[in-house]
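Below is one structure; the comments refer to it alone.
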Amino acid sequence: MDAGEIPDRDECASFSPAVRHYWLNWSNIVRIGGVIYQKWREVKSEQDHLQLLVPAVIKKEIISSCHDTAYSGHFGIKKSVQKMKKYFTWYQMTKDVRIHIENCVICTKSKNRKSKTGLVDYRVGYPLDRVSIDVIGPLPQTQRRNKYLLVIGDNFTRWMEVYPLPHQKADIVAHKFVMEFITRFGIPLELHSDQGSNFQSELFNAVCGILEITKTRTTPYHPA
Ligand SMILES: [Zn+2]
């Protein structure tokens with residue numbers, strides 16, 4: 001690469017499949033300011049992109065930031081890869097993305113939920129008409145001592161917010177709901193939750209009462 005010359009075939013034969021993959025694609029590999037990119041033309045838009053050839057150590061971080069964050073929206077495999085390809089590439093990126101998404105707690109949870117609720121589709125008329133709230137966990141503790149995820153989703157827009165929590169008691173759940181969600185998005189008309197004691201607590205009921213939010217919940221015999 002330094003000399004700008006392609007190594008010969010025999011030299012490459014002993015290297016990993018990844019190296020051989022790039023060797024075959026040599027004419028599209030460029031180096032700009034010490035960083036290696038691959039030239040790539042998007043078929044549909046015919047737009048040219050320079051994809052960063054991502055080093056192995058930050059692959060996971062790249063996938064996470066493109067899939068897991070509140071702003072990336074937990075897209076499926078195809079959409080996630082489409083989005084990532086505009087900026088990044090690495091050998092077998094699609095496969096890594098697939099594995100990541102198949103193991104994504106939030107995607108798995110919402111997938112199971114969708115198939116179970118089958119009969120009822122709550123896609124009502126406007127944003128904030130109906131918002132669902134749920135706590136996932138316990139999960140492995142993070143460095144910041146969080147073990148739970150508070151997931152709040154708008155049933156109409158399908159926008160989802162996720163907040164890490166150290167525990168799942170009613171006070172912290174209510175605090176996050178008001179200070180993080182309501183302050184940014186507004187007060188929902190209806191709030192749907194499961195049987196969780198945090199959502200059925202006096203404190204949480206009081207908060208909903210003051211804000212005039214109608215609470216609904218899944219019934220014990222027909223859990224959604
Ligand atoms: Zn996901």
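Counting convention: from 1, in listed order, for ligands and their atoms alike.
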Tell me the closest heavy-atom pair linking [X] and [Y], and the distance in Å.
X: Y148; Y: H167; value: CD1-CA, 3.6 Å
X: N198; Y: Q168; value: ND2-O, 2.8 Å
X: Y22; Y: W90; value: OH-CA, 3.3 Å

Do you know which of L165, V162, V135 makes side-chain contact (heavy atoms from CB on, under 4.5 Å) with L149? V162
With a cutoff of under 4.5 Å between side-chain heavy atoms, which Ile, Leu, Val, Met, Phe, Trp and Tyr residues group with F15?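 Answer for F15: V19.
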Going by atom types alone, do E42 and W40 pair a side-chain donor with an acceptor below 3.5 Å? no
So what's near the Zn ion (ligand 1), protein N, O or S atoms under 2.8 Å?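 You should have found H67 NE2, H74 ND1, C104 SG, C107 SG.
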